[in-house]
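Lettering of chains follows the sequences in order, A, B, ..., and the numbering in each one begins at 1. These figures come from a predicted structure and were not determined experimentally.
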Protein chains: 2
Amino acid sequence: MGRPRSYNRAEIVEKAVILFRQNGYKAVSIGNIVEATGMNTASMYKEFGDKNGLFVEALNLYRGYLESTRAQLLIDQPNISGIEQFLKSVVEEASGDAYHGCLIMNHLTQKNLISHEAEEIIGAFCEGLEALLESALKNARAQGEIPAEKDPASLAKFFACLVHGFILYGRHENKKNGFSAVYETAMEVLH
Amino acid sequence: MGRPRSYNRAEIVEKAVILFRQNGYKAVSIGNIVEATGMNTASMYKEFGDKNGLFVEALNLYRGYLESTRAQLLIDQPNISGIEQFLKSVVEEASGDAYHGCLIMNHLTQKNLISHEAEEIIGAFCEGLEALLESALKNARAQGEIPAEKDPASLAKFFACLVHGFILYGRHENKKNGFSAVYETAMEVLH
DNA sequence: ACCATTTTAGAATAATCGTTTTATAAAGGT
DNA sequence: ACCTTTATAAAACGATTATTCTAAAATGGT
């Protein structure tokens with residue numbers, strides 16, 4: 001009963017992901033989102049509480065997407081092949097023309113401007129990613145894919161740093177040439 | 001002649017560097033800077049034109065500082081030792097507790113929010129850095145410090161990406177353990 | 001047809017933004 | 001002492017911010 005809502009909740013959050021990813025939390029106003037979605041301001045606040053509430057939902061939607069696609073590569077193949085596919089996927093996206101980085105990692109540069117809740121989502125996601133990498137590397141070493149003297153934890157942190165690098169470096173223009181050569185170079189640490 | 005100014009221009013720009021580095025262009029208001037420096041709003045606009053004018057000055061001051069210290073390491077020693085010192089310097093700073101990244105590279109995540117002029121300073125700085133790395137690597141190869149089959153351009157881009165990664169990853173807390181092991185791991189690509 | 005319920009459209013609020021203006025204060029030159 | 005010059009303090013500007021409020025509209029149940 002009651003007047004039926006004229007908006008689609010999922011669409012709102014998807015649009016929020018796009019906007020927050022492009023411009024960052026601080027630079028996206030509720031007005032921007034209302035304009036982009038056609039949703040009403042009052043409904044917006046009833047549905048998400050406040051701007052941070054919508055941002056947290058956007059972070060979680062984006063996280064879920066990354067986990068079910070990219071991170072899944074590391075779970076399906078917890079070995080060197082999985083790591084290769086994972087990194088290639090990151091590099092490929094970051095090579096795109098209108099690349100806007102990663103909604104989650106972008107906000108590492110704006111930690112002062114977001115809620116504690118949002119900060120924790122970011123921290124947990126990145127720790128989880130590093131744990132997946134380490135797990136795949138441990139398994140790879142157990143299977144003899146990499147030398148026994150290699151340290152999975154250090155390698156995992158190395159690849160995690162590199163992913164952060166791809167995401168930030170990907171914001172440059174004129175990066176296409178030789179961006180995938182960076183991937184090839186990085187993989188040499190496994191020899 | 002005329003009333004003497006009560007502010008120190010250089011101090012204003014230094015303060016602007018700190019604030020813009022911590023929170024980013026969009027999130028720092030002229031009011032914040034006026035408050036932090038004690039400078040007058042009118043004098044601020046007479047001196048720098050507008051907010052972007054101050055930001056550009058801040059970028060250039062920060063760039064000059066990086067060039068005369070960190071980048072100079074690559075010029076003084078255009079070889080593997082120079083690269084080692086350069087990267088160690090980046091890692092050491094990024095390991096710090098209240099690390100706020102790099103004023104210049106931070107704003108790669110906020111390209112939509114800054115002027116074309118600022119964007120170009122950022123692009124030019126990062127290209128210059130990569131060129132210095134490549135130059136050092138070419139020289140290192142000529143001197144037999146790295147194998148002849150290595151590609152200086154690819155390696156330079158690899159290290160540039162890694163630096164972007166250190167700067168972004170450095171925003172995490174709980175990173176101290178094993179952050180320098182990432183550096184050791186990365187250097188293995190030169191073997 | 002009316003009522004309760006929920007959403008809508010859109011105005012209203014108070015704060016803050018970048019920027020400009022107005023009036024005063026402090027100096028040197030004559 | 002007065003004039004010119006420049007910087008100051010502080011108010012004023014219009015735009016935008018996040019958020020809330022008011023009133024009308026659209027549904028299902030009775």
Side-chain angles (χ1 to χ4, degrees), chain A residues 1-13 15-59 107 110-119, chain B residues 1-59 103 107 110-119:
Chain A
M1 57 193 83
R3 180 171 173 171
R5 57 191 53 168
S6 65
Y7 62 88
N8 179 320
R9 196 179 200 281
E11 279 177 17
I12 306 298
V13 183
K15 203 76 182 176
V17 166
I18 292 171
L19 291 174
F20 283 132
R21 187 181 178 190
Q22 276 190 112
N23 297 326
Y25 180 75
K26 183 67 194 286
V28 175
S29 71
I30 295 293
N32 294 147
I33 293 164
V34 163
E35 192 184 11
T37 59
M39 187 194 201
N40 192 267
T41 307
S43 307
M44 174 102 256
Y45 277 87
K46 189 176 293 186
E47 186 71 55
F48 301 105
D50 56 11
K51 187 183 172 184
N52 173 65
L54 175 58
F55 182 53
V56 166
E57 295 245 10
L59 284 174
H107 283 86
Q110 310 181 37
K111 265 183 139 183
N112 292 350
L113 315 174
I114 61 181
S115 67
H116 182 65
E117 191 181 4
E119 210 176 320
Chain B
M1 58 194 84
R3 179 169 174 173
R5 57 190 52 168
S6 65
Y7 62 89
N8 180 319
R9 195 180 200 282
E11 280 176 16
I12 306 299
V13 184
E14 280 169 30
K15 203 76 183 177
V17 165
I18 292 171
L19 290 175
F20 283 132
R21 187 181 178 191
Q22 277 190 112
N23 298 326
Y25 179 75
K26 183 68 193 285
V28 176
S29 72
I30 294 293
N32 294 147
I33 292 165
V34 162
E35 192 185 11
T37 59
M39 188 193 200
N40 192 267
T41 307
S43 307
M44 174 102 255
Y45 277 87
K46 189 175 294 184
E47 187 71 56
F48 301 106
D50 57 10
K51 187 183 173 185
N52 173 66
L54 175 58
F55 182 54
V56 166
E57 294 244 10
L59 283 173
L103 171 65
H107 284 87
Q110 310 181 36
K111 266 183 138 185
N112 291 351
L113 315 175
I114 62 180
S115 67
H116 183 65
E117 191 181 4
E119 210 176 320

- Item | Distance, rounded to the nearest Å, where A:Phe55 contributes CZ and D:dT17 contributes P | 17 Å

- Report which part of the nucleic acid B:Ser6 touches: base, sugar-phosphate, or nothing (heavy-atom distance under 4.0 Å, all strands). sugar-phosphate

- Query: Taking for each residue the nucleotide of DNA chain C bearing the nearest heavy atom, is the 5' side occupied by B:Lys51 or by A:Thr41?
  - Reply: A:Thr41

- Task: Would you kindly give the OH-to-C1' distance between B:Tyr45 and D:dA12, to the nearest whole Å?
- Result: 14 Å

- Neighbour count >12 (heavy atoms, 6.0 Å) for atom NZ, B:Lys111: yes

- Task: Can you tell me the distance, in whole Å, between the CD atom of A:Glu35 and the C1' atom of D:dA18?
- Result: 16 Å

- Task: Between A:Asn40 and A:Lys26, name the one whose nearest nucleotide on DNA chain D is closer to the 5' end.
- Result: A:Lys26

- Can you tell me if A:Lys15 uses its side chain to pair, donor with acceptor, with the backbone of A:Val34 under 3.5 Å? no

- Query: Taking for each residue the nucleotide of DNA chain D with the nearest heavy atom, is it B:Gly38 or B:Met1 whose nucleotide lies nearer the 5' end?
  - Reply: B:Met1

- Item | Distance, rounded to the nearest Å, where B:Arg5 contributes CZ and D:dT5 contributes P | 16 Å

- Message: When you measure from the side-chain N and O atoms of A:Ser29 to the phosphate of D:dT16, is any distance below 4.0 Å, counting only OP1 and OP2?
- Response: no

- Message: Nearest 0.5 angstrom please: A:Leu113 CG to A:Glu119 CD, how far?
- Response: 10.5 Å

- Message: Please check: side-chain N/O of A:Asn32 versus main-chain N/O of A:Ser29, any donor-acceptor pairing under 3.5 Å?
- Response: yes

- With a 4.0 angstrom cut-off to heavy atoms of chain A, pull out the first and last contacting nucleotide of DNA chain C, in 5'-to-3' order. C:dT5 to C:dG10

- Task: Rounded to the nearest 0.5 Å, what's the gap from CE on B:Met39 to CD1 on B:Ile30? Could you check?
- Result: 9.5 Å

- Item | For B:Glu14, all residues meeting side chain to side chain contact (heavy atoms under 4.5 Å, CB included), sequence neighbours excluded | B:Ala10, B:Leu61

- Message: Please classify the nucleic acid contact of A:Val34 as base, sugar-phosphate, or nothing, using heavy-atom distances under 4.0 Å.
- Response: nothing

- Message: Let me spell it out: for each of A:Gly2 and B:Tyr25, pick the nucleotide of DNA chain C with the closest heavy atom. Which residue's pick is nearer the 5' end?
- Response: A:Gly2

- Among D:dC21, D:dT5, D:dT19, the one nearest any side-chain atom of A:Ala42 is D:dC21

- Side-chain donor/acceptor of B:Lys51 to backbone N/O of B:Tyr25, under 3.5 Å: yes

